[in-house]
**Q** 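Sending over a structure as structure tokens; questions will come in a sec.
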Protein chains: 2
Amino acid sequence: MEKSDFVIIGGVAAGPKTAAVLARRLPETKITLFQKEKYISYGTCGLPYFASGDINSFEELTLTSYGVARTPEFFKNSKGFNVIVQAEVTAINRQAKTITVKMLETGEIIEHSYGKLVIATGANAVRPPFPVANSPRIRPFTRPDDAINFRQLAQTGQIGSAVVVGGGFIGCEVAEAAGGLWGIEVTLIEKENQLLPYVLDFEMARMVEREMHRQNIKLLTGRLVEKIEVNAEGNPVVKIKGQDDISADYVFLCLGVKPEVTLAKACGLEIGVTGGIAVNNYLQTSDSDIYAGGDCIESENRLTGKKIYMPMGSLANRHGRVIAENLAGTKTEFPGVVGAFLVKVFDINVGSVGLSEQAAKKAGFYVDTVWASFPDKPDYYPEYKTFCVKIVYDNNKLLGLQAVGKGDIFRRIDVFSSFLQNNGTLDDLLNFEQGYAPPYSEAIDPLHHLAAIAKAKSQGLKFINPGTDLENYDGQPVWLDIREPDEVESDKWPYAEKHKPINIPLNDLRNRIGELDVNREIVLICKRGPRSYQATLILKQAGFKNVAIIGGGVTALK
Amino acid sequence: MEKSDFVIIGGVAAGPKTAAVLARRLPETKITLFQKEKYISYGTCGLPYFASGDINSFEELTLTSYGVARTPEFFKNSKGFNVIVQAEVTAINRQAKTITVKMLETGEIIEHSYGKLVIATGANAVRPPFPVANSPRIRPFTRPDDAINFRQLAQTGQIGSAVVVGGGFIGCEVAEAAGGLWGIEVTLIEKENQLLPYVLDFEMARMVEREMHRQNIKLLTGRLVEKIEVNAEGNPVVKIKGQDDISADYVFLCLGVKPEVTLAKACGLEIGVTGGIAVNNYLQTSDSDIYAGGDCIESENRLTGKKIYMPMGSLANRHGRVIAENLAGTKTEFPGVVGAFLVKVFDINVGSVGLSEQAAKKAGFYVDTVWASFPDKPDYYPEYKTFCVKIVYDNNKLLGLQAVGKGDIFRRIDVFSSFLQNNGTLDDLLNFEQGYAPPYSEAIDPLHHLAAIAKAKSQGLKFINPGTDLENYDGQPVWLDIREPDEVESDKWPYAEKHKPINIPLNDLRNRIGELDVNREIVLICKRGPRSYQATLILKQAGFKNVAIIGGGVTALK
């Protein structure tokens, strides 16, 4: 029986990363990686962009940056470890410290002995909770073949319409992939009342949903799929509760993924509350000779201390390094996750880090929030782009940030993430020293503004969630638009017809304050939010007690 | 005599910010700001982009984002404080707690009494250390009139050639402003042997210098200007030590700025070692009734504990908030600076945060460095851009980061800055949880790679500074290009003619290692650096003792 010092099961992200670091650290040891699929270490997260036509061929996802294919020979020669593909590990024998492997091409069954074992079996598509007919035109979107299959049909003009079931990341990315270059008529169905329900609060999701509408994606949120059938012509038919069936040429099942733990379970390793393999801070399983990483394990949320399941290629790579260091004898902890996400939805950027308002409340924090919109460089600089940000915090403690828009949200997500990593506070944001030059940023960073407004909020600033149904607002406030008349005209507030706001530009507010009834509730409307903040102070100084800002201004409603 | 609770001297950044926050915090108090110029709170940092033609009119720099002019009326109505422009404060009488003001339009002299005083007098252009003829065509570039004057001449075709004296930020920005849209023939003269000497190490500056060359800017570094005269036609003539005179239609004097402390000095306030006003952590001067902020004060470097002078609009705004909070009774510290810079030089982005290698050595740190080049998203994703990064550290402690290139350096500068703010380590970088999606970033962030390589370096990895004169390299190494043959061909290593490297692609290195003499020094050449890192390990494993990587690969030399 062949024996390796280190055996690794799984060849997408955590597996190859573990093996590569380990081979650098302990070059004299024998390391063998088994991968069930033919492909290894491909850019899984790039599949939607291959499907969309942005990337020409699937092969590009399997090449190194210098054009060399990531074959078993490549890993042997360049990285110094053995890779065996089309090799399905069917059992782990912990007593004997061996694994059983079925060679998929020959059918041969082999045993392989390990010193230490690493499980990196990844994740699988969640099985739909409704009946689905068997058809090559109804598929998940998790594996290369899923993307290759769709792309082939799309580029030969065989798909005129598609349904995407599930409005998470992959669902959004796939909707863009189909609706973009290929011009496929796309309907996206999500059971929750919003897109991206696990990372965005509903009002931030609204901004994403509006972009979907602009791009002619038909959105059906809050709808349950009951069944997917195939009609006489072989085309899928999606049956939805309480509404007409939808026929389409293709259906994507994007219901999320769940950890692939069959092997781990079968050999008696501890499985965590989230369904992922339970590991300690060193990514060691309940068997001290077996480590696990990537999409098959569960993580600890650094903010709540709770276990969560977070399948991300970026985390898988970090797991790989931590496992390799521990196997090489350098005790290294994986510190848990804060949850950082980015997703492109057509022309807008969507990001989230830490806890959403919803998640923070559920976790028992005292939750406060502030919204504002910003340009990503000074307004005087050509071609600035804007975005809307929501910050979630508990007194001084930072909990989360969400940002949606065309502008540079990336820096803010990443900086906020690094502050969360250090138990950051609003004061940390105020003290943040950003790189500044007009082509790239403003002298006062959005993070400074948000922290300052959050601090002011503790002095009585009141915000209205921009996702509120203002059409049917509770109460009879004075709607006060403090923008300049030309802005009011050119950048209409969506509820203007209904509520007919009074327009008093901020600059005239002090002089015309007598026009307002000091006893009425005042709701302020501006472009981005900060001007309303200023107006609040003028009104409070004049004795107004009940003043509110619509978070993020008109920009947050576009 | 008029009296204000708070008097502020200076109306560009720190002054108006102090007044605005103070007016929000203490709306019932009287706040008066005196500004010598006609303009107030204009976007100083935007002046190069007005000069360049990117911004249409100077007025755009004086407007709010919603198009309202920042006049004294605006500040009174919208922000709640008094502004008096064209009012030069000529003296501070600390005993009487008054200031003397000369009204520049009328010549009238007034006294104004203060409760607390804030000095935000900014900075002035450094006076050249050589004789300069008096001419409207020889000017610094610090004030609106400097930019307006140049722009007027440039857009009426009166400038065919220009000399920029000084290669700091403003010098670089002005070279672009003149050489870009206006197509002016520009010569830039810098006395040090590199551009941006105070923020970049020389090899990183080389990348900026190459961009200047590509954009047809004539660079003269390491040259001393001796005199600037005016010829018979009224045109400037620049006399340079040891070389021919240069005639030009315009000369920019970009020799940096120095704190404007005339008033502070005259009234006996303590001036710091850097020449800026000395302040404590609360931005209070040696007189407890007087605060100071913005470009007229000195700061403390958080990394070295030493005083430095760092004039930046972004810091000035943060000073303003801190001063206002303290004046309003909320003790608030300004925590010092780490030094974060960005500058655009034509098509490349330049950034630096923390200490350069040079500065870190001078400060007494044990200094180590790593270079590498990166794409800003996966190579398979269309339109990625690259950049080269240098990290400076002392054992595990982070000291500085420099980045130059077309790609997204901003996130890395800002994230590194936030880690420096928390005494960050290499481990913090490894644990950094970045936002990840292929359109925006890679699964393994450049900061992860850099930290991993830095950690490996402690195990004997050797780097050659990419700024090294490899033409005349000391020793007779084997130059080993481990790229693929097509890369060697299409992306020539600049020293290939001279050194004729052997080409063994990384993937063939193990098999062909017998072709190399194990006793010779090996210098590795690749595209970006990480491949050489891998090759080092293969060579070391095979018994090679003397192996070096050229930091940042060929990318760092382009």
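Note: hydrogens, waters and symmetry copies are ignored here, and every other heavy atom, side chains too, is used. Remember, it's a predicted structure, so these values are computed and weren't measured experimentally. Proteins get letters first, then strands, A, B, ... in listed order; numbering begins at 1 in each.
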**Q** Measure distances from B:Tyr533 to the heavy atoms of chain A and classify the residue's part below 4.5 Å as side chain, backbone, both or neither.
**A** side chain
**Q** With side-chain contact (heavy atoms from CB on, under 4.5 Å) as the criterion, how do A:Ile444 and B:Lys17 come out once you've worked through the C-alpha distance, each side chain's angles and the decisive distance to 0.1 Å?
**A** CA-CA 10 Å; A:Ile444 305 175; B:Lys17 182 72 181 176; 3.6 Å; yes
**Q** Output the option from B:Val337, B:Val353, B:Asp408 having the highest count of non-hydrogen pairs under 4.5 Å with chain A.
**A** B:Val337
**Q** Between A:Leu506 and B:Tyr66, does the side-chain contact (heavy atoms from CB on, under 4.5 Å) criterion hold? Intermediate values first, please.
**A** CA-CA 10 Å; A:Leu506 174 63; B:Tyr66 43 99; 3.7 Å; yes
**Q** Of the backbone (N, CA, C, O) and the side chain (C-beta and beyond), which part of B:Arg531 lies under 4.5 Å from a heavy atom of chain A, both, or neither?
**A** side chain
**Q** Under 4.5 Å from any heavy atom of chain A, what part of B:Gln421 do you find: side chain, backbone, both or neither?
**A** side chain
**Q** Give the member of B:Ile413, B:Asn422, B:Thr536 that has the highest number of heavy-atom pairs under 4.5 Å with chain A.
**A** B:Asn422
**Q** Check the orientation of A:Tyr440 and B:Phe410. Use parallel for under 30°, tilted for 30 to 60°, and perpendicular for over 60°.
**A** tilted
**Q** Examine whether an atom of A:Leu430 lies under 4.5 Å from a heavy atom of chain B, and if so say whether it belongs to the side chain, the backbone or both; otherwise answer neither.
**A** both
**Q** Against chain B, label A:Glu73 side chain, backbone, both or neither, depending on which of its atoms sit under 4.5 Å from a heavy atom there.
**A** backbone
**Q** Under 4.5 Å heavy-atom distance to chain B, tell me which part of A:Val322 shows up: side chain, backbone, both or neither.
**A** neither
**Q** Under 4.5 Å, counting heavy-atom pairs only, tell me which of B:Phe74, B:Phe169, B:Phe416 racks up the most with chain A.
**A** B:Phe74
**Q** Identify the heavy atoms of B:Pro439 and A:Tyr49 that sit nearest to each other, and give their distance.
**A** CG-OH, 3.4 Å
**Q** Examine whether an atom of A:Asp486 lies under 4.5 Å from a heavy atom of chain B, and if so say whether it belongs to the side chain, the backbone or both; otherwise answer neither.
**A** neither
**Q** Look only at the side chain of A:Glu484 and the backbone of B:Val68, and say whether a donor-acceptor pair between them is shorter than 3.5 Å.
**A** no
**Q** Residues two or more places apart in sequence or in another chain: which of them pass salt bridge (Lys or Arg N to Asp or Glu O under 4.0 Å) with A:Glu176?
**A** A:Lys344
**Q** At a heavy-atom separation under 4.5 Å, does A:Pro378 approach chain B through its side chain, its backbone, both, or neither?
**A** neither
**Q** Which atoms of A:Glu433 are under 4.5 Å from chain B, going by heavy atoms: the side chain, the backbone, both sets, or neither?
**A** both
**Q** Which region of A:Glu60, side chain (C-beta onward) or backbone (N, CA, C, O), has a non-hydrogen atom less than 4.5 Å from a non-hydrogen atom of chain B, or is it both or neither?
**A** both
**Q** In terms of heavy-atom proximity below 4.5 Å to chain B, should A:Ser441 be classed as side chain, backbone, both, or neither?
**A** side chain
**Q** Name the option with the most non-hydrogen atom pairs under 4.5 Å to chain B; the candidates are A:Ser352, A:Ala437, A:Gly435.
**A** A:Gly435
**Q** Which distance, rounded to the nearest 0.5 Å, do you find between the OH of A:Tyr384 and the OG of B:Ser65?
**A** 7.5 Å
**Q** Given heavy-atom pairs under 4.5 angstrom as the criterion, report whether the side chain, backbone, both or neither of A:Arg483 touches chain B.
**A** neither
**Q** Please look at B:Asp508 and chain A and tell me whether the side chain, the backbone, both or neither of the residue comes under 4.5 angstrom of a heavy atom of that chain.
**A** neither
**Q** What's the spacing between B:Phe432 CZ and A:Ser314 OG if we round to 0.5 Å?
**A** 10.0 Å
**Q** Under a 4.5 Å heavy-atom cut-off, does chain A meet the side chain of B:Asn317, its backbone, both or neither?
**A** side chain
**Q** Heavy-atom cut-off 4.5 Å, strictly under: side chain, backbone, both or neither for A:Asn511 against chain B?
**A** side chain
**Q** Taking every heavy-atom pair that is under 4.5 Å apart, which of B:Leu63, B:Asp445, B:Asn349 has the most such pairs with chain A?
**A** B:Asn349
**Q** Nearest 0.5 angstrom please: A:Tyr42 OH to B:Tyr380 OH, how far?
**A** 11.5 Å
**Q** On a heavy-atom basis, which atom in A:Ile538 and which in B:Ser78 lie closest, and how many Å separate them?
**A** CD1-O, 3.8 Å
**Q** Looking only at atom types and distance, does a side-chain atom of B:Arg411 sit under 3.5 Å from a main-chain N or O of A:Asp414, one as donor and one as acceptor?
**A** no
**Q** Report which part of A:Arg24 has an atom under 4.5 Å of a heavy atom belonging to chain B: side chain, backbone, both, or neither.
**A** both
**Q** Select one option (side chain, backbone, both, neither) describing which atoms of A:Arg321 are under 4.5 Å from chain B's heavy atoms.
**A** side chain
**Q** For chain A, which candidate among B:Gly336, B:Ser418, B:Gly424, B:Pro48 shows the most heavy-atom pairs at distances under 4.5 Å?
**A** B:Ser418
**Q** Please look at A:Glu333 and chain B and tell me whether the side chain, the backbone, both or neither of the residue comes under 4.5 angstrom of a heavy atom of that chain.
**A** backbone
**Q** Please classify the contact between B:Asp379 and chain A as side chain, backbone, both or neither, with a heavy-atom cut-off of under 4.5 Å.
**A** side chain
**Q** Which heavy atom in A:Gly46 sits nearest to a heavy atom in B:Pro438, and how many Å separate them?
**A** N-CG, 4.0 Å
**Q** What residue in B:His448, B:Lys527, B:Arg528 has the most heavy-atom pairs under 4.5 Å with chain A?
**A** B:His448
**Q** Quick one: list whatever passes salt bridge (Lys or Arg N to Asp or Glu O under 4.0 Å) with A:Arg70, sequence neighbours left out.
**A** none
**Q** Rounded to the nearest 0.5 Å, how far apart are NZ of B:Lys76 and CG of A:Asn507?
**A** 12.5 Å
**Q** Kindly compute the distance separating OH (A:Tyr381) from CD1 (B:Ile55), expressed to the nearest 0.5 Å.
**A** 7.5 Å
